[in-house]
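We name chains A, B, ... by the order of the sequence lines, and we start the count at 1 in each one. Quick caveat: nothing in here was measured; it's all calculated off a predicted structure. Values reported hereafter were calculated over all heavy atoms of this structure, with side chains retained and with hydrogens, waters and symmetry mates removed.
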There are 2 protein chains.
Amino acid sequence: MKRAKKKIFADFIAQRGLKTTKQRDIILDSFLSSDRHLSIEELYLKLRAKHPNIGYATVYRTLKLFAEAGLAREMQFGDGQTRYEHVGEGEHHDHLVCTRCGHIEEFENETIEKLQDEVANSRGFLVERHRLELYGLCSGCRK
Amino acid sequence: MKRAKKKIFADFIAQRGLKTTKQRDIILDSFLSSDRHLSIEELYLKLRAKHPNIGYATVYRTLKLFAEAGLAREMQFGDGQTRYEHVGEGEHHDHLVCTRCGHIEEFENETIEKLQDEVANSRGFLVERHRLELYGLCSGCRK
DNA sequence: AAGTCGATGAATATCACTTTCATGATGGCG
DNA sequence: CGCCATCATGAAAGTGATATTCATCGACTT
């Protein structure tokens, strides 16, 4: 699966006439083996540990590229940082966000999705995407 | 209702030992007779038309004050600006956001709320608040 | 191997707030 | 009514995160 995503990115790069670089390889590797909701800063710091000469701007630009390639999605959880979430094939999910420890869980609910479409239809809206986040305390922090 | 909200704010001001000022009166008036999802910038520009000497910082601080007083709520719709939404008594609603014209509509759906709680419970989460936004084209922009 | 054009990193710019600071008002008190 | 301790205001400066610039570097075609 990691292999498949690398292929997707390689194809994207080729198709756009862009170039393969050491940095892009390293960043993609690191991204693919990371937490599913990483901020630019977090990924940058993680990378710096092993590759002290990778610049913040490169991480920033590469993450944007991942989003364009369909490998990642930009998300905001209200902590002032944009986070990049991994994107699988056609998959969608919503989030549970712990307001105490910052932990983020994912969930899916077919029924909720259906109801959303109903609401939109009744208003003449054509929904392209949605976001649903539940903020509160995770099981660990409730103690 | 506008009268009631002014009363709420007056009480809030008094209770905190703050002061009534011309600016606060003007800003509250303008806020109450505005679109329900105004950004600081938008309200500031609207105000400048009639009151050229009101500063951005004052609008900013006053809006924060409205939020503390329970008259407004800060919201993010992904356009990079914080918007202040009017808050009624204990009311809650979600949003339909048009990605083309920026139009924002509100809706409520009891069943969706219930399903959200079920999902959270099954994960051991205690939900404090949530956000649900449907992004797409409004009826006007679909043509 | 050489040239062309995208990629990189450091530095700088932007953007939307957020805070500071000198000056102006408000409202409790005598 | 006038004082004056405090809070409020507006202009300007500060922040934090993101976005862009620019000189230089490195891929990939020929």
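Of the candidate nucleotides D:dA11, C:dC17, D:dA19, D:dA11 has the atom nearest to the side chain of B:Arg61. Nearest nucleotide to the side chain of A:Arg24, out of D:dT6, D:dT18, C:dA7: C:dA7. Distance from the side chain of B:Ala57 is smallest to C:dT19 among D:dT9, D:dA8, C:dT19. Of the candidate nucleotides C:dG27, C:dA16, C:dT8, C:dG27 has the atom lying nearest to any side-chain atom of B:Lys19. The nucleotide whose nearest atom lies closest to any side-chain atom of B:Gln81 is, among C:dA16, D:dT9, C:dG27, C:dA16.
Distances shorter than 4.0 Å separate some side-chain N or O of B:Gln23 from OP1 or OP2 on D:dG10. Under 4.0 angstrom from either OP1 or OP2 of D:dA8 there lies no side-chain N or O belonging to B:Thr58. Of the side-chain N and O atoms in B:Thr21, none sit less than 4.0 angstrom from OP1 or OP2 of D:dA8. Considering only side-chain N and O atoms, B:Tyr60 lies nowhere under 4.0 angstrom from the phosphate OP1 or OP2 of C:dC17. Contact between the side-chain N/O atoms of B:Thr20 and the OP1/OP2 oxygens of C:dG27 is found at a separation under 4.0 Å.
Screening A:Leu96, A:Leu134, A:Asn109 against B:Gln116 for a side-chain contact (heavy atoms from CB on, under 4.5 Å) leaves a single residue, A:Leu134.
For the pair A:Ile13 CD1 and D:dA27 C1', the interatomic distance rounds to 12 Å; values are reported in whole Å. One interatomic measurement links the two molecules: OH of B:Tyr56 to P of C:dT18, which rounds to 8 Å at whole-angstrom precision. In this entry the distance linking CZ of B:Arg16 with C1' of D:dT6 reads 15 Å, nearest Å. A:Lys22 has its NZ atom 10 Å from the P atom of D:dC28, to the nearest Å. C:dT8 atom P lies 16 Å from atom NZ of A:Lys64, rounded to whole Å. Residue B:Ile26 contributes atom CD1, which lies 13 Å from atom P of C:dA25 at whole-angstrom precision. Rounded to a whole Å, the CD atom of B:Glu68 is 15 Å from the P atom of D:dC7. Taking atom CG of residue A:Asp79 and atom C1' of nucleotide C:dC17, one finds them 16 Å apart after rounding to whole Å.
The side-chain heavy atoms of A:Glu110 and A:Lys114, taken from C-beta on, include a pair separated by under 4.5 Å. Residues B:Tyr84 and B:Phe66 are not in side-chain contact: their nearest non-hydrogen atoms beyond the backbone lie 4.5 Å or more apart.
In this structure, B:Arg131 pairs ionically with B:Glu133, as a charged nitrogen and a carboxylate oxygen lie closer than 4.0 Å.
A side-chain donor-acceptor contact under 3.5 Å links B:Arg123 to the backbone of A:Glu106.
The stretch residues 30-55 of chain B touches DNA chain C through B:Ile40, each having a heavy atom within less than 4.0 Å of the strand.
One finds the CD1 atom of A:Ile112 at 7.0 Å from the CD1 atom of B:Ile112 (value rounded to the nearest 0.5 Å). From B:Thr21, atom OG1 reaches atom CD1 of B:Ile26 across 8.0 Å, with rounding to the nearest 0.5 Å.
Side chain to side chain, B:Glu85 and B:His93 meet the donor-acceptor criterion of an N or O pair below 3.5 Å.
In terms of position on DNA chain C, the residue among A:Gly17 and A:Val59 whose nearest nucleotide sits closer to the 5' end is A:Gly17.
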